[in-house]
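Owing to the predicted nature of the structure, the values given are computational and were not obtained by experimental measurement.
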Amino acid sequence: FHAVLEGHGTSCAIIIAADQYADRKLRGMAPKAKLLSYMLDLTGQDVYTMSELLKTFLHAKAQGVDAISISYGFSTADLASARFLADFLDREIASAGIVIAIAAGNSGPGVASVPIDDYMPHHGLSVGASISKEQAQNVYGWNGVLEDTIVWYSGFGPTRGGRQVPDISSPLITWVRGERGASPPSFYGFSGTSSATPALVGATTALMSALKQSGEERIEPRLLKLALQNSAKPFAKIEKIRQGSGLIDVNAAFDIYKKLAAELRAAKQDATKRTRFAYELRAATPLEKRVELGEGVHFRSFVPMATVTVSMTPDALTLADPLTTNELLRVEHSGTFFETKSLLSVQAGGNKLGLAFNAAALAKPGIYSDVINLRRQDGIVLLQIPVVIEISSEATTQGIFMDLAREFAPFDVVRMPIQLDEATAVSFDGLIRQTVNGGPSALKIFFQNTQGHLVHASTVNVDRAVVP
């Protein structure tokens, strides 16, 4: 699916299924795949109704597609309409065995900067973008990138409904053909989560093909998502909320999917409903200044406690005995700004998980984030719950909001919520004592509103190192 008339959709298609494209120079992730291209608005204005959007998905389903790659975002009027679309995609599209992947967008690095809203289907994959050290240095000239990482502009949540986005990260795919038929062939550096998403879809399509060849007649997108998330490789120095489960590894996902699929088949054949399988879980917790319940914890001020209700979905309950079902899950998180119990017993009727926030750890202004993993005893994570607390900086009598007396690694991201109005003036003063390898550097400053939308951006360039 694509939304512009120019080469954006062509570039995505090349990444998925190019087969010796551009004089045999380009090969996609799944070169034998067949592609269908959908343009929602042929005028290129990206204007369409909800009905037209739903019909597009249904048409793709009728054509027998196995996966849908979407490298742009939709607009929904409110949380209810977003959740309506998510439910529709799970019920009508994913239930037919179709994998849906949607780009997390390029509006980072602010909290809640992800364009994807709660229309993301629970059985689909929201995709962040990673970049290798070699790509950063050789393609984009970013000499400060010292290791593979999440690209700085990759958007992330929580969404307005509190959901974790991205679910997983995928590599940027850089080189695509610029103009068909150009002589000599011209290439350009395609990038963004728009390129990471078809890379994931192409790789996942190859995984689906291998699974079918191994005897899996039907692919379950929910189980495939779990397999990809539980086999992903986390980035050690990147916040969990920015990367999701980490970098995809489709080879490792193969065995996990086989295990989960065998469990589900056994559960469906068990008339007593006592066979354990990968129960689908949902989180529900109050949202700040909203009447709806959210799926993650997000507050813009200190709160002493929060409660999350963890329940099985109606589909999971059809295979679970209401009297005997009891899954003991490990509660894992690395954040020191809150505490939880270490084990949670999930029963058919659900259970509550309490969070106690540490006032001392949240004393300084800043944005504190973590992701709670609910993990089975065999290591499979069934649910991820994002936790974000924003503590705003208050200006001193001199108008100073914060003092960052610290060292920064290349491409570090520092977030500081501050309360501004139209009459507030903000200046940045300080000293960069040394840049990477003594070379040029830059400090990018972004102002985003509480919805994660960019309202202003500035760049401070450093021409040379200032050695103390």
Side-chain angles (χ1 to χ4, degrees), residues 73-87 104-105 107-120 122 126 155-166 239 241-242 282-311 333 335 337-338 340 350 352-359 361-372 383-395 401-402 415-424 446-456:
F74 310 127
S75 295
T76 52
D78 50 29
L79 184 56
S81 61
R83 287 176 169 174
F84 166 81
L85 178 55
D87 291 341
S107 302
V111 166
S113 59
V114 62
I116 295 180
D117 205 345
D118 293 75
Y119 59 75
M120 183 69 214
H122 286 89
S126 54
F156 63 99
T159 65
R160 59 180 161 177
R163 288 181 59 182
Q164 165 66 28
V165 172
E239 299 155 290
I241 199 169
R242 286 185 64 200
R282 288 282 192 278
T285 187
L287 288 171
E288 189 175 50
K289 298 180 180 180
R290 299 194 72 98
V291 296
E292 305 98 334
L293 292 177
E295 298 182 49
V297 178
H298 185 191
F299 292 100
R300 293 185 171 88
S301 61
F302 174 77
V303 295
M305 298 185 66
T307 301
V308 179
T309 301
V310 178
S311 305
H333 64 89
F337 63 96
F338 69 95
T340 66
K352 295 184 183 298
L353 177 66
L355 285 69
F357 292 99
N358 186 334
L362 294 168
K364 293 183 178 180
I367 296 179
Y368 301 81
S369 71
D370 198 11
V371 176
I372 298 173
L383 182 65
Q384 295 183 327
I385 305 170
V387 181
V388 175
I389 301 292
E390 302 182 35
I391 306 297
S392 295
S393 177
E394 296 181 0
F401 278 98
M402 59 181 173
R415 304 180 191 87
M416 183 63 61
I418 57 178
Q419 300 296 328
L420 301 177
D421 56 36
E422 294 181 0
T424 304
F446 299 92
F447 288 92
Q448 293 172 303
N449 61 21
T450 56
Q451 286 74 46
H453 299 151
L454 183 68
V455 295
H456 181 70

May I ask you to decide if G296's main-chain N or O and T285's side chain share a donor-acceptor pair within less than 3.5 Å?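 Side chain of T285 to backbone of G296, a donor-acceptor pair under 3.5 Å: no, none is there.
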Between D118 (side chain) and G161 (backbone), is there a donor-acceptor pair under 3.5 Å?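 Flag set: sc D118 to bb G161 pair under 3.5 Å.
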So how far is it from [X] [atom1] to [Y] [atom2], rounded to the nearest 0.5 Å?
X    : Y    : atom1 : atom2 : answer
S369 : E239 : OG    : CD    : 4.5 Å
L383 : E295 : CG    : CD    : 8.5 Å
Y119 : D87  : OH    : CG    : 15.0 Å
F357 : I389 : CZ    : CD1   : 4.0 Å

How close do [X] and [Y] get, counting heavy atoms only, and between which atoms?
X    : Y    : value
F337 : A361 : CA-CB, 3.9 Å
S107 : S113 : CB-O, 3.1 Å
I241 : G157 : CD1-O, 3.7 Å
F156 : P109 : CE2-O, 3.3 Å
H333 : F338 : CE1-O, 3.3 Å
T76  : S81  : CB-OG, 3.5 Å

Run through R160, E390, E288, R163 and flag the one making a side chain to side chain donor-acceptor pair (under 3.5 Å) with H298.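 It is E390; the other options fail the test.
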So [Y] and [X], do their side chains get closer than 4.5 Å, heavy atoms only?
X    : Y    : result
P158 : V114 : no
T309 : L293 : no
R300 : K289 : no

